[in-house]
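Just follow the structure's listing: the first ligand is 1, and inside any ligand the first atom is 1.
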Amino acid sequence: MARRSHRLFARWYPKAAASLEDRGLGEQRARLLAGLSGRVLEVGSGHGANFTHYPGAVTELVAVEPEEAMRELGRERAEELGLKAVVLDGQAEQLAFENDSFDAVVCTLVLCSVEDQARALAEVHRVLKPGGRLVLLEHVGSANRNIRAFEYLFDVVLWSHVFGGCHTSRDTGAALTAAGFDTAGLAPERLPFLPYPLKVSPHLAGEARKPA
Ligand SMILES: C[S@@+](CC[C@H](N)C(=O)[O-])C[C@H]1O[C@@H](n2cnc3c(N)ncnc32)[C@H](O)[C@@H]1O
């Protein structure tokens, strides 16, 4: 599947995001990833901000990242950390892995940016083992219909173009349910340390399960 590249975003995002790690994002990541074990796939791994937080019980880490500049930074990060991670070119909508082959999949701040969210979630569901979990941290659209309509317009006119295809208006919770995930393990979160408008966006954090 052809994908629009966001090279400029890939250059500035790692530096801009670094300042958020100490202001709460790093803690969020650590909490989310702490319980992982076995064979794990991270989708849209960016510059590898999650890599520091994978526990030793993760026996194999495979990461997929479509932007070359981000991928290179991710590989460097893994090397610095002495992490045996494979960072591959790829995209969520077309995962080059076998069915039922991962214990867990990780997506942080990615499902807002994939071009085809339904297709990406179908792929994540396919590669997860039955009972496997999708661990995620994602900002989602407002529950208020009027605000959501504004977010949609904002995305179309400005936000998505500047922020690497990101959308503020997505109903990711509903998309997860439609894709067959059990979302009981997801909770709403507020991340006030993020820049506007994401600081006022609701977030979903936790795990969505593929039924056993
Ligand atoms: C906001 S950044 C988040 C990066 C990283 N996950 C983090 O937590 O810092 C969004 C990431 O999603 C990636 N991305 C965008 N579209 C994607 C797709 N279709 N499949 C996989 N990754 C994608 C981008 O290249 C970028 O690395």
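Annotation for ligand 1: atoms under 4.0 Å from non-hydrogen atoms of E65 are 13 (C), 24 (C), 25 (O), 26 (C), 27 (O). Of all atoms in ligand 1, listed by their number and element, those nearer than 4.0 Å to a heavy atom of M70 are 26 (C), 27 (O). Those atoms of ligand 1 that come under 4.0 Å of a heavy atom in E67, given as number and element, are 25 (O). Close contacts of ligand 1 with L109, meaning ligand atoms under 4.0 Å from a residue heavy atom, involve 1 (C), 2 (S), 3 (C), 10 (C). Close contacts between ligand 1 and R29 involve ligand atoms 7 (C), 8 (O), 9 (O) [criterion: under 4.0 Å to a heavy atom].
Assignment of G164 to the shell around ligand 1 is not supported, since no heavy atom sits closer than 4.0 Å.
Using a cut-off of 4.0 Å between Lys/Arg side-chain N and Asp/Glu carboxylate O, D155 and R170 are scored as not salt-bridged. We find that E60 and R39 are joined by a salt bridge, their nearest charged nitrogen and carboxylate oxygen being less than 4.0 Å apart.
Side-chain contact annotation: Y54 with E42, donor-acceptor N/O pair under 3.5 Å present. Looking at E115 and Q91, their side chains never bring a donor and an acceptor atom within 3.5 Å of each other.
In terms of polar-atom proximity, H47 is not counted as a contact of ligand 1, lacking any N or O under 3.5 Å from an N or O of the ligand. Of the N or O atoms in T108, one or more lie within a sub-3.5 Å distance of an N or O in ligand 1.
One finds the CZ atom of R75 at 13.5 Å from the CG atom of L83 (value rounded to the nearest 0.5 Å).
For atom 5 (C) of ligand 1, the nearest non-hydrogen atom from the set A17, G44, A16 belongs to G44. When the heavy atoms of L111, V114, N50 are ranked by distance to atom 18 (C) of ligand 1, first place goes to V114.
A donor-acceptor contact shorter than 3.5 Å is absent between the side chain of H139 and the backbone of L204. Of the possible polar contacts, one joining the E65 side chain to the G46 backbone as a donor-acceptor pair under 3.5 Å is found. No donor-acceptor pair closer than 3.5 Å links the side chain of R29 to the backbone N or O of L137.
Neither the backbone nor the side chain of A120 has any atom closer than 4.0 Å to an atom of ligand 1 (non-hydrogen atoms only).
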